[in-house]
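The next block holds one structure in the form of structure tokens; read it before the comments.
Letters A, B, ... are given to chains in the order of the sequence lines, protein chains preceding strands, and every chain is numbered from 1.
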Protein chains: 2
Amino acid sequence: MLEFAILGLLHQSPMHGYELRKQLSQVLGGLRSISYGSLYPALKRMRAAGLISTDEPEPHALLPADAPPLTGRRGKVVYTITAEGKERFHELVSQTGPEAYDDGGLFGVRLAFFGHTASDVRLRILEGRRRTVERQREGLRCSLARTRERLDRYTLELQRHGLESVDREVRWLSELIDTERREAGEPPPTTT
Amino acid sequence: MLEFAILGLLHQSPMHGYELRKQLSQVLGGLRSISYGSLYPALKRMRAAGLISTDEPEPHALLPADAPPLTGRRGKVVYTITAEGKERFHELVSQTGPEAYDDGGLFGVRLAFFGHTASDVRLRILEGRRRTVERQREGLRCSLARTRERLDRYTLELQRHGLESVDREVRWLSELIDTERREAGEPPPTTT
DNA sequence: GCACCGATGTATCGTCTCGATACATCGGAG
DNA sequence: CTCCGATGTATCGAGACGATACATCGGTGC
């Protein structure tokens, strides 16, 4: 998921880690943000895999230049996507399997880069996501029906709220799907 | 958070790990479930800390009883809360600081055990949670306003949906707070 | 001029969580 | 009488997170 997001952002333009993190937070929908403890190891991995490269021009300062033996000077590092990375990104972008929408986090990132995604792929992902969330909704409904008897008011409220949230998500996805279909020339089937 | 939930469940009755996990999933609101990879280490930790104890009566079967050297026989393990554990639980239950509601997961667990929580503590936690979510909402609003110009339709939709969800959560919390206040005899202030 | 501060910036560490997996027993359906 | 799915305990490696350290830059106030 992180890999996808990073490739997507670097596909637009090279960036520092710091900037990358900020953009990442936005892409993730604004609430969920990525920590450096995840970001830098991910960058290191991707660099090792040849998906990105680092231009490291500025040693950041012209200090004594010889052995301030503390920990060593750190320069700004600009990360750039490689040809291999672009290939990998387009490969990921065209995936439509359950791995693309079963996890909400990855789905969010997929959505954020729908601009790079073909129309039919978009549709398939949205529908897959809807199926997943609908299944969740069924689970919640059962759970709620089962626990309605041995009533703990607060747990019940929590589940009710959760169910409504999931319900709203299904409706939201349905709207997106309808829009998508309409734009593809296909009239939305009256599946409401 | 796990610690709180486990103590809460074992406070009601002793349980196996398996049963514990099922109940845990329900308590967490139905969608989020705990994996064994989290549960068993947590139990081990809590056992080491003296919060719970294990009765291990049945070796599960009367096999040859001597050295099936594969990995060793495993018996059912019943976890029971100790006096120390109960003390810890009541200590946790009466906490009203930000740590009780800043994290949504922990807040959900707190809510599930509101039955063990004093009325004024309940109110303070609900109000704290609302403040937290309201702050999140502000952040989202700003982010949405900022990104509205450089429009990517899908990211925008994602943020819009996220904002509405947070908005709904605030309203939900407000209802809970009103109910709580009404039951405490205090008429809800007309803060709608 | 200069002391301080918050934003920018890179990076690691220990702790925890998760998904996958292995192992093992039990009740019942076919 | 065998196979299957539920019950049940447990670990492993990958990776995510919060906290923290280190370091520079552009101001703002004095």
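- Between the P atom of C/dG19 and the CG atom of A/Leu106 lies a distance of 14 Å, rounded to the nearest Å.
- Between B/Val109 and the options B/Leu24, B/Leu28, B/Asp103, a side-chain contact (heavy atoms from CB on, under 4.5 Å) holds for only B/Leu28.
- Going from atom CG of B/Leu43 over to atom P of D/dT11 covers 11 Å, rounded to whole Å.
- Distance A/Leu39 CG to D/dG18 P: 13 Å, rounded to the nearest Å.
- OP1 or OP2 of C/dA11 has not a single side-chain nitrogen or oxygen of A/Tyr40 nearer than 4.0 Å.
- Contact annotation: A/Tyr18 side-chain N/O to C/dT8 OP1/OP2 distance is under 4.0 Å.
- At least one side-chain nitrogen or oxygen of A/Ser38 sits closer than 4.0 Å to the OP1 or OP2 atom of D/dC17.
- You'll find the ring centres of A/His11 and A/Phe113 outside the 6.0 Å limit.
- Following rounding to the nearest Å, A/Ile34 (CD1) and C/dA11 (P) show an atom-to-atom distance of 18 Å.
- Rounded to an integer number of Å, the gap from CG of A/Asp103 to C1' of D/dA16 is 13 Å.
- The side chain of B/Leu2 sits closest to C/dT17 out of C/dT12, C/dT17, D/dA10.
- The environment of B/Arg47 atom CZ is sparse: at most 12 non-hydrogen atoms of other residues, nucleotides or ligands sit within 6.0 angstrom.
- Position along DNA chain C of the nearest nucleotide to A/Glu19 versus B/Tyr36 favours A/Glu19 as the more 5'-ward residue.
- Residue order along DNA chain D, read from the 5' end via each residue's closest nucleotide, puts B/Lys22 first among B/Lys22 and B/Gly37.
- Distance B/Leu20 CG to D/dA10 C1': 15 Å, rounded to the nearest Å.
- At the phosphate of D/dA10, neither OP1 nor OP2 sits under 4.0 Å from any side-chain N or O atom of B/Lys44.
- Closest to the B/Val77 side chain, of the nucleotides D/dA10, C/dA11, C/dC16, is D/dA10.
- Look at CE on A/Met1: it is 16 Å from C1' on C/dT17, rounded to the nearest Å.
- B/Asp152 contributes atom CG, which lies 10.5 Å from atom CD of B/Glu157 (distance to the nearest 0.5 angstrom).
- In this structure, B/Asp102 atom CG and D/dC17 atom C1' are separated by 16 Å, rounded to whole Å.
- The residue B/Arg32 sits apart from the nucleic acid: no heavy atom pair falls under 4.0 Å.
- Put simply, B/Lys76 has no side-chain N or O that comes within less than 4.0 Å of OP1 or OP2 on C/dC26.
- Atom CD1 in B/Ile177 sits 6.0 Å away from atom CZ in B/Arg181 (nearest 0.5 Å).
- Listed pair A/Arg21 / C/dA11 fails the phosphate criterion, with no side-chain N or O lying under 4.0 Å from OP1 or OP2.
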